[in-house]
Amino acid sequence: SLVTLGNVGIGTTSPARPLEVAGSGGGAIINLKRTDYGTGQGALAFVNANSNVCASITASRAGAEGGNLIFYTVENDPAVTSDNPYLISARMHITSGGNVGIGTASPSANMHIYGSDPVLKISDTTGSSGYATLWLQESDLYGVKLKYNSATNDFFNLSTVDNGTENTRMVVTRTGD
């Protein structure tokens with residue numbers, strides 16, 4: 001349906017946005033289909049008022065039937081502009097095998113961060129009375145926990161989890177002891 005305000009509705013007669021697709025039972029699916037066998041399979045581009053792509057999500061082929069997702073963004077620099085969603089900076093890749101790469105097009109692990117002095121930041125949203133944990137685990141029964149706890153004098157803890165039992169192995173206090 002096309003309403004007088006210019007909104008387009010597919011599966012609805014009263015679209016509330018410029019494009020609204022409605023369907024029941026999983027029917028609200030939009031297909032972007034390439035009809036030849038090239039590598040770029042489609043893109044969703046986010047374009048600013050100057051008709052420049054500022055971000056995009058694209059798909060690329062991985063073998064005969066597999067697919068990768070690639071997330072692109074452009075920095076806030078007027079000299080860096082493009083109307084092509086494939087020609088701005090790729091920031092994150094999700095491969096057909098499920099690996100996620102930030103700063104790399106070929107992640108070699110489930111999560112692969114690549115860059116000059118890369119940082120993985122884990123923040124506690126409760127402020128100064130909470131903690132953050134990095135848990136490297138084989139399962140819920142086995143692993144290693146690195147904990148930061150600002151609410152106690154035991155600022156940093158290293159513990160092991162063996163058969164479900166957590167044991168503190170090292171503690172660094174607020175004063176460095």
Side-chain angles (χ1 to χ4, degrees), residues 1-135 137 140 148 150-151:
S1 297
L2 178 63
V3 297
T4 58
L5 297 175
N7 293 348
V8 175
I10 300 171
T12 180
T13 57
S14 55
R17 299 281 186 250
L19 174 62
E20 183 173 326
V21 178
S24 61
I29 297 171
I30 298 173
N31 285 343
L32 300 175
K33 182 176 183 178
R34 182 170 179 157
T35 57
D36 62 9
Y37 294 98
T39 57
Q41 297 303 300
L44 178 60
F46 302 90
V47 180
N48 65 22
N50 296 324
S51 298
N52 292 315
V53 177
C54 54
S56 65
I57 303 169
T58 68
S60 67
R61 289 175 55 108
E65 297 296 329
N68 303 311
L69 277 180
I70 306 159
F71 295 79
Y72 295 81
T73 63
V74 73
E75 59 192 90
N76 187 19
D77 183 348
V80 181
T81 61
S82 177
D83 61 357
N84 187 327
Y86 299 97
L87 295 180
I88 58 177
S89 298
R91 306 296 184 180
M92 183 173 78
H93 288 74
I94 302 175
T95 68
S96 61
N99 288 353
V100 176
I102 298 174
T104 177
S106 304
S108 59
N110 296 55
M111 172 60 86
H112 184 164
I113 300 172
Y114 181 82
S116 176
D117 300 322
V119 173
L120 174 63
K121 185 174 182 177
I122 301 172
S123 298
D124 176 22
T125 60
T126 62
S128 63
S129 62
Y131 62 93
T133 302
L134 176 62
W135 189 354
Q137 69 181 100
D140 285 344
Y148 161 77
S150 64

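Position 1 is the first residue of the sequence; numbering continues from there.
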Strictly distance-based, threshold 3.5 Å: is any side-chain N or O of Asn48 a donor or acceptor partner for the main-chain N or O of Asn50? yes
Quick one: closest heavy-atom pair of [X] and [Y], and the distance?
| X | Y | answer |
| --- | --- | --- |
| Gly9 | Pro15 | N-CG, 3.6 Å |
| Ile70 | Ser60 | CD1-OG, 3.8 Å |
| Glu75 | Arg91 | N-NH2, 3.9 Å |
| Ser108 | Asn99 | C-ND2, 3.9 Å |
| Val21 | Ala28 | O-CB, 3.9 Å |
| Asp140 | Trp135 | O-CZ2, 3.8 Å |

Rounded distance (nearest 0.5 Å) linking atom [atom1] of [X] with atom [atom2] of [Y]:
| X | Y | atom1 | atom2 | value |
| --- | --- | --- | --- | --- |
| Met92 | Ile113 | CE | CD1 | 11.0 Å |
| Ile57 | Thr73 | CD1 | OG1 | 11.5 Å |
| Glu20 | Thr12 | CD | OG1 | 5.0 Å |
| Thr58 | His93 | OG1 | NE2 | 7.5 Å |

Contacts of Ser106 meeting side-chain hydrogen bond (donor to acceptor under 3.5 Å, both in side chains) (sequence neighbours excluded), chain-then-number -> none
List in chain and number order the residues that pass side-chain contact (heavy atoms from CB on, under 4.5 Å) with [X], two or more places apart in sequence or in another chain; answer none if no residue qualifies.
| X | value |
| --- | --- |
| Ala62 | Asn68, Ser96 |
| Asn76 | none |
| Leu44 | Phe46 |
| Ile122 | Ala132, Leu134 |

Those residues at least two apart in sequence (or on a different chain) that pass ring pair (Phe, Tyr, Trp, His ring centres under 6.0 Å) with Tyr72 are none
